[in-house]
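See structure below.
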Amino acid sequence: MTMTFTPSRMVQELARRSQRPATRPGPEMISLAAGDPDFATPEHISQALADALAAGATHYAHAQGDPQLREALAEQLAEVSNRRCGVDQVLVTHGGSAGLAATILAAVDRGARVILPEPTYSLYADLTWMAGGEVSFVPHLEDLHLDLDAIEAAAPAARMVVICTPCNPTGVVYTEDELERLAEIAAEHDLLILSDEAYDHIVFDGVRFTSALEVDALADRLVYVQTFSKTYAMTGWRVGYVAGPPAVVEAATRVHRAFNGPLNSAVQRAALVALTEPTDWPQRMRREYQARRDIVTRMVAGVPGLELAEPEGAFYALIRFRSELSSLQVVERAAEQGVAVRSGSEFGPDGEGSVRVTFATGRELLVEGMERLLGLLEEIGSER
Ligand SMILES: Cc1ncc(COP(=O)(O)O)c(C=O)c1O
């Protein structure tokens, strides 16, 4: 008898709710879809990997992460937060993704509620659903900052709020005042705050970035998730980390150990070099992203009917269009024009009516892709 495989209910549920794409755009497309920098990983980091392999870093690593790497991370975290951070408070993870997964699966029970200010990175909702939790989407204010009154209204009996700053997909950097007020709400309602700061090194001129680590009132309820992927153009290396209160990190470590096992030993040696060796690479990449951000903003401004709040950080632009078509339909139409973008609705209900483009793609392709997309958005705008 041939077997008919039915995926678990969890997978069925995820497939029904999630709009995260299951496939990557083909080579015939200009991709403004994925958040993968077009820069090569800086040479000294790749060399460190080769050196680590040659030195025999080919065995199982410590389950919570290479002790030396955790020590260096704890030191850096203490510097930013101005508070002590023990090595037991750091878990090295299989990219930021696994850090998010370990945290959410460690903290969210069946039926527990997670507040997601949105539009926001779509993995948070998927992981909450996987854990059997419920998502409370709270739309951002018109300026795409946190609607703190609405978060407060949603807070009673919730478990956690997940924020992303600089925000993927909006490019907004939350202010210190916003984070302070969020801390007050969190204390009042005993919430965990998960702050994903994957793009903290990609903040454009004149904007002051405040890490949630700097907010003392969050100290005992903050889970901080970070990744080497974006800062050092290391998306394929799969290394990130979680830092937080020891009890949360211990629980997250259990999940990560069960799902991922110990991380690649040699990669962690190279990550230590990325972290500790002085380099101006992140700044150089940031300058280029800013030039690309300016190109995108200028191009969008030239098309009537489109709206874009100039991104303050990260490498995404969330473009609001006017059309009877849904965001998903616009993404399909864009694909027919040979340009891959992401549907705003993937990032929460309030993303409907927008598409997200990535400017981690080189200038030439970026301009060509934007021309195709804007031509389409202009055309569908005038069909109304
Ligand atoms: C906001 C945010 N967090 C986390 C990640 C995950 O990155 P990685 O798993 O490569 O570390 C991404 C990737 O796009 C992201 O945009």
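All ligand and atom numbering here is 1-based and tracks the order in the structure.
Both the backbone and the side chain of Ser97 come within contact range of ligand 1, each with a heavy atom under 4.0 Å. Residue contacts with ligand 1 for Phe228 are absent, since no atom lies close enough (heavy atoms, distance under 4.0 Å).
For Gly35, no nitrogen or oxygen atom sits less than 3.5 Å from a nitrogen or oxygen atom of ligand 1, counting backbone and side chain alike. At least one N/O-N/O distance between Asn168 and ligand 1 falls below 3.5 Å. Here's the thing with Asp196: one of its N/O atoms is less than 3.5 angstrom from an N/O atom of ligand 1. Taking only nitrogen or oxygen atoms, main chain and side chain alike, Tyr124 does not reach within less than 3.5 Å of ligand 1.
Each of the atoms 1 (C) of ligand 1 lies under 4.0 Å from some heavy atom of Cys164. Residue Thr227 has at least one heavy-atom neighbour below 4.0 Å for each of these atoms of ligand 1: 8 (P), 11 (O).
Residue Glu364 places its CD atom among 12 or fewer non-hydrogen atoms of other residues, nucleotides or ligands, all under 6.0 Å distant. Counting heavy-atom neighbours within 6.0 Å of Glu13 CD, excluding the residue itself, gives a total above 12. Within a 6.0 Å sphere centred on CG of Asp280, other residues, nucleotides and ligands contribute more than 12 heavy atoms. For CZ of Arg292, the number of neighbouring non-hydrogen atoms (other residues, nucleotides, ligands) closer than 6.0 Å is greater than 12.
A side chain to side chain donor-acceptor pair (under 3.5 Å) with Ser122 holds for exactly one of Arg342, Gln19, Arg20; it is Arg20.
The shell of residues lying under 4.0 angstrom from ligand 1, judged by heavy atoms, includes Arg238. Taking 4.0 Å as the cut-off, Gly95 counts as a neighbour of ligand 1 on heavy-atom distance.
In summary, the side chains of Trp237 and Thr41 do present a donor paired with an acceptor at a separation below 3.5 Å, with no hydrogens or angles considered.
Classified by interplanar angle (parallel below 30°, tilted 30° to 60°, perpendicular above 60°), the ring pair Phe315/Tyr289 is tilted. Aromatic ring orientation, Tyr316 versus Tyr199: perpendicular (interplanar angle above 60°, classes split at 30° and 60°). Using cut-offs of 30° and 60° for the angle between ring planes, the Trp281 and Phe39 rings count as perpendicular.
The protein non-hydrogen atom at the shortest distance from atom 14 (O) of ligand 1 is Lys230 NZ, 2.7 Å. Counting only heavy atoms of the protein, atom 16 (O) of ligand 1 lies nearest to Tyr199 OH, 2.6 Å.
The option from Gly240, Ala314, Ser229 that lies nearest to atom 8 (P) of ligand 1, judged by heavy atoms, is Ser229.
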